[in-house]
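Working notes for the structure below.
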Amino acid sequence: MEHELRAEYDDSPQTSDARVKIWHVVRQDALTAMCGRDLEPGSAERSIDDWGTGTLPICHSCGALYLRESP
Ligand SMILES: [Zn+2]
């Protein structure tokens with residue numbers, strides 16, 4: 001199962017200064033995070049490789065669920 005990170009914003013992603021609030025883990029091309037959060041279709045995506053680097057704010061629920069699915 002391929003995973004990726006998808007952004008949840010403080011404000012609407014329509015605004016140019018929207019700030020990323022937290023990154024959720026989604027199954028590839030999904031819009032619902034593993035924790036159940038629905039994310040905007042236009043939200044930013046990042047490689048799952050950025051998970052665990054400690055540089056991004058990651059949803060704790062998603063992290064726990066992802067750990068269970070990852071090899
Ligand atoms: Zn989450």
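- Residues Thr32 and Leu39 form no side-chain contact, since every pair of their non-hydrogen atoms from C-beta on lies 4.5 Å or further apart.
- You'll find the side chain of Ser61 stays beyond 4.5 Å of the side chain of Met34, heavy atoms only.
- With rounding to the nearest 0.5 Å, the separation of CD in Glu8 from SG in Cys62 is 9.5 Å.
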Under the side chain to side chain contact (heavy atoms under 4.5 Å, CB included) rule, what do Trp23 and Cys59 come out as? Steps first, then yes or no, please. CA-CA 6 Å; Trp23 293 87; Cys59 171; over 6 Å; no
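- Contact annotation: the side chain of Arg27 never approaches that of Glu2 to less than 4.5 Å [non-hydrogen atoms, C-beta and beyond].
- What you find for Pro57 and Lys21 is that their closest heavy atoms are CG-O, 4.0 Å.
- Across all their heavy atoms, Thr53 and Asp49 have their closest contact at CG2-O, 3.6 Å.
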Could you walk me through whether Arg19 and Asp10 pass salt bridge (charged side-chain N to carboxylate O under 4.0 Å, His left out), step by step? CA-CA 6 Å; Arg19 294 187 306 119; Asp10 276 334; 2.9 Å; yes
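- Connection of Leu31 to Tyr66 is not established within any shared hydrophobic cluster, with ILVMFWY side chains joined at heavy-atom distances below 4.5 Å, either directly or through further cluster members.
- Between the NE2 atom of His24 and the SG atom of Cys35 there is a distance of 5.0 Å, given to the nearest 0.5 Å.
- Remark: Glu4 does not engage Arg46 in a salt bridge, criterion side-chain N to carboxylate O under 4.0 Å.
- Ile22 and Trp51 fall into different hydrophobic clusters, defined by Ile, Leu, Val, Met, Phe, Trp and Tyr side-chain heavy atoms under 4.5 Å apart, directly or through other members.
- Between the side chains of Glu69 and His3, at least one donor N or O sits under 3.5 Å from an acceptor N or O.
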Could you walk me through whether Leu65 and Val25 satisfy the side chain to side chain contact (heavy atoms under 4.5 Å, CB included) test, starting with their C-alpha distance in whole Å, then the side-chain angles of each, then the deciding distance to 0.1 Å, before giving a yes or no? CA-CA 9 Å; Leu65 291 165; Val25 180; over 6 Å; no
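- Inter-residue side-chain proximity for Ile58 and Leu5 is flagged as met; some heavy-atom pair is nearer than 4.5 Å.
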